[in-house]
Participant: 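Pasting a structure here, questions to come.
Chain letters run A, B, ... following the sequence lines, proteins first, then strands; residues in each count from 1.
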Amino acid sequence: MFSRDAWKEIFETIQKNKLRTFLSGFTVAIGIFIFVVLYGFGNGLTNTFNKFFGDDATNVLFIYPGNTSVPYAGYKANRRIEFDNSDLKDIEENFAMFIDYVTPRINGNGMVKYKNESNGYRTRAVGPSHQYNEKTIMMKGRFINDLDIENKTKYAVIGRLVEEDLFGRENAIGEFIDITGSSYKVIGVFQDDGGDNEERMIYIPYSTKQLIDKNTDKINQIILGFKPQIGYSGAMTLEKSIEKFLKSKKFINPNDQNGIFINNVADNLKQNQQLAKVLQLIVSFVALGTIIAGIIGISNIMVFVVKERTKELGIRKALGATPKAVIGTILLESIFITTISGFFGMMMGVVLLSSMGEKLEAYFITDPYIDMGIAIFATILLIICGAIAGYVPARKAARIKPIVALRDE
Amino acid sequence: MIEIKNLHKSYKMGSNTLHVLKGINFNVEAGELVAIMGSSGSGKSTLLNILGMLDVLDEGSYTLDGVPIINLNETKAAQYRNKFLGFVFQSFNLINYKNAMENVALPLYYQGVGRKERQEKALKYLEQVGLKEWAGHLPSELSGGQKQRVAIARALAAEPKVLMADEPTGALDSKTSYEVMDLIQKINDAGNTILVVTHEPDIAAMCKRIVHLKDGVIVEDKKVDQVRASEYVQ
């Protein structure tokens with residue numbers, strides 16, 4: 001069946017039936033091509049989601065104060081809740097088993113000056129561990145440390161773009177900048193995957209900020225990094241218990257939805273990933289549909305091909321072709337065409353995907369790719385189905401009595 | 001060469017059964033040139049198909065070159081056809097995308113003959129039918145007579161024991177018919193056994209023996225003095 005002559009025979013048949021070969025090959029190639037591209041786009045979508053949420057740590061809770069909506073324990077409704085340094089300490093002590101770090105964040109913004117350059121920037125007064133939850137990457141110098149907090153030093157860590165704006169090509173480390181009237185020494189420059197906004201940020205020690213703000217101990221929000229080992233359900237439980245703890249401490253009705261807000265990054269991420277997965281599923285479903293359409297297409301063509309060749313097969317049988325030889329010829333031809341065009345379509349799809357890269361980012365598709373395993377599996381599936389689709393009519397044709405096939409009418 | 005005893009064949013047409021061959025007894029010796037004649041519906045083509053193993057018999061026995069042809073599966077039938085028989089059809093039945101030489105070489109391919117030898121043999125037989133220069137042409141580029149000569153060359157290529165021609169001249173004009181018959185006679189002169197199914201008396205007269213079929217039985221079986229087709233060919 002696999003002799004050189006058999007192949008020669010197949011090549012001759014293919015060569016002399018170009019349109020037929022082209023049509024069946026085209027069906028297969030386009031089927032695989034669309035499958036690969038769609039599946040790759042699905043992956044690109046997931047990539048975009050991961051990129052959106054990948055720049056921050058995922059084992060993080062953001063705790064914001066709000067306004068109460070119901071009266072409780074002698075307090076009126078619509079009371080503004082505020083956090084202060086004692087809350088930090090309390091959380092740190094009560095939940096030590098589950099948490100890695102706690103850091104406050106006090107947001108601010110203002111004019112920042114260096115020599116003749118000045119610009120408005122957002123500032124964040126934070127603790128040392130803030131570096132972890134934002135995944136801040138130090139390019140040079142260092143981040144704020146415990147000593148800075150203790151001594152309330154006037155040090156600033158500036159974003160890459162802040163340095164670029166204010167210092168141009170100069171080195172910012174050791175220079176003094178003016179932030180809303182106070183002079184700070186630049187001790188570090190950082191970069192962040194979160195985009196330009198993140199890199200136009202200035203970090204200062206939260207204790208310094210509190211000192212400047214009339215020696216207050218208030219903080220805007222508490223950021224808490226929990227131990228990743230506690231897992232997703234552990235994080236949900238931790239979120240609940242912290243909420244309960246803070247509500248009792250701040251005299252908030254346990255059923256009040258507005259006193260305290262907790263933003264669980266892990267939960268958000270999970271939801272978004274689920275959305276991405278659903279999208280991927282839909283895209284895969286469409287891609288699968290394409291494959292099935294391809295299979296139906298190749299089946300149709302094979303039925304047609306065998307029908308068209310019935311007479312020829314009858315002649316061959318009259319000349320001594322055994323049923324095995326007849327089936328072999330048709331099958332080998334169909335497998336050959338589907339294999340070549342299937343892999344051609346697959347490669348075209350893969351090439352298109354890899355050339356895309358960031359070009360479709362506006363459509364939420366980043367770096368689309370397909371697992372080669374899946375691409376090859378789909379191609380082989382189509383080849384096998386094409387072979388089966390060819391085998392059924394081929395077997396039928398091989399059974400036809402030559403005399404029936406040769407009948408003129 | 002061919003021995004047929006009490007051959008019966010019927011076809012089912014819906015609920016009716018059409019009894020086509022009703023007990024045929026018939027022998028052919030090696031080197032004979034037999035014409036099977038009869039009007040349409042007499043069963044002559046059915047007989048040829050059974051002889052050619054293109055169709056199976058219902059009752060009776062058929063021995064070809066000492067081999068009983070019975071209970072053949074498709075594969076065995078294909079092998080026997082390839083080994084024993086060469087076919088020439090009224091409508092030529094050449095494979096239209098293969099050129100003359102490739103068509104002639106096809107039975108050799110199924111015999112498992114090597115490519116080079118196939119081509120050599122195919123050219124040899126094309127030369128024998130006078131179409132060597134046309135070896136590279138497709139059937140669509142050949143005239144009816146040429147097509148039939150290619151078909152004859154193809155039938156000969158497998159070096160069969162018996163050559164079976166079903167209305168070989170049915171689609172040809174008289175002049176071309178005589179040319180084809182001339183070729184068949186020459187092949188017969190070389191010692192080949194040939195059966196020709198025809199309903200044209202002048203073609204039958206060019207054979208050495210005429211078997212007349214009517215309503216599924218042999219009504220006449222006589223040896224005749226062969227008319228040489230070459231007399232009509234310039």
Side-chain angles (χ1 to χ4, degrees), chain A residues 1-24 305-330 332-333 337 391 394-409, chain B residues 11 45-46 48-50 52-56 72-99 102-119 138-139 151 154-155 157-158 160 164 166-167 170-171:
Chain A
M1 189 172 168
F2 289 101
S3 65
R4 188 170 154 258
D5 272 337
W7 283 112
K8 200 104 193 168
E9 182 74 21
I10 285 158
F11 285 137
E12 275 171 16
T13 317
I14 287 173
Q15 236 169 36
K16 285 166 185 168
N17 296 281
K18 286 195 184 87
L19 181 69
R20 192 174 76 198
T21 309
F22 171 76
L23 283 178
S24 39
V305 162
V306 169
K307 186 104 192 146
E308 190 203 47
R309 290 180 73 177
T310 303
K311 184 158 183 171
E312 181 203 326
L313 297 174
I315 299 170
R316 284 174 185 269
K317 284 191 82 176
L319 296 180
T322 58
K324 223 172 100 183
V326 170
I327 295 174
T329 311
I330 294 175
L332 217 54
E333 192 187 315
I337 295 172
Y391 177 74
R395 198 186 53 178
K396 212 172 131 200
R399 277 186 187 159
I400 293 175
K401 291 201 173 79
I403 189 62
V404 177
L406 292 176
R407 210 163 273 159
D408 277 322
E409 291 77 31
Chain B
Y11 289 108
S45 283
T46 307
L48 194 80
N49 289 336
I50 290 172
M53 287 178 272
L54 297 172
D55 209 344
V56 288
L72 292 183
N73 62 26
E74 281 281 354
T75 309
K76 205 81 188 151
Q79 284 164 354
Y80 280 7
R81 273 200 294 274
N82 190 256
K83 203 163 123 195
F84 290 131
L85 303 170
F87 291 95
V88 176
F89 301 94
Q90 177 177 358
S91 51
F92 323 129
N93 282 333
L94 299 175
I95 292 176
N96 53 24
Y97 62 83
K98 286 182 176 290
N99 67 30
E102 288 164 341
N103 262 292
V104 175
L106 200 57
L108 297 169
Y109 167 71
Y110 288 114
Q111 277 182 350
V113 176
R115 186 174 176 78
K116 254 226 167 80
E117 200 185 333
R118 280 209 304 272
Q119 289 182 347
L138 290 175
R154 182 176 67 180
M164 296 191 174
D166 189 1
E167 305 268 11

Participant: Could you report the tightest heavy-atom contact between A:A321 and A:V326, atom names first, then the distance?
Facilitator: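 In this case the closest contact between A:A321 and A:V326 is CB-CG2, 4.0 Å.
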Participant: Which bit of B:Y97 comes within less than 4.5 Å of chain A, counting heavy atoms only: side chain, backbone, both or neither?
Facilitator: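 It is both, since atoms from each part get that close.
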Participant: What are the two closest non-hydrogen atoms of B:E74 and A:P323, and how far apart are they?
Facilitator: CB-CG, 3.2 Å
Participant: Does any heavy atom of chain A fall under 4.5 Å from the side chain of B:F89, the backbone, both, or neither of them?
Facilitator: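 Only the side chain of B:F89 comes within 4.5 Å of chain A.
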Participant: Identify which part of A:A325 has an atom lying under 4.5 Å from any heavy atom of chain B, answering side chain, backbone, both or neither.
Facilitator: side chain
Participant: Tell me, for B:Q111 versus chain A, whether the close heavy atoms (under 4.5 Å) come from the side chain, the backbone, both or neither.
Facilitator: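 Contact with chain A is absent: no heavy atom of B:Q111 under 4.5 Å.
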Participant: Quick one: are B:L108 and B:E117 in side-chain contact, heavy atoms under 4.5 Å?
Facilitator: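 Counting from C-beta outward, B:L108 and B:E117 never come under 4.5 Å.
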Participant: Please determine, among A:R399, A:K317, A:R316, the option with the most heavy-atom pairs under 4.5 Å with chain B.
Facilitator: A:R316
Participant: Is a donor from one side chain sitting under 3.5 angstrom from an acceptor on the other, for B:R118 and B:Y109?
Facilitator: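 The criterion, which ignores hydrogens and geometry beyond distance, is not satisfied for B:Y109 and B:R118.
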Participant: Which atoms of B:L138 are under 4.5 Å from chain A, going by heavy atoms: the side chain, the backbone, both sets, or neither?
Facilitator: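 Looking at B:L138, nothing touches chain A.
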Participant: Would you find a donor on one side and an acceptor on the other, under 3.5 Å apart, between the side chain of A:E333 and the backbone of A:I330?
Facilitator: no
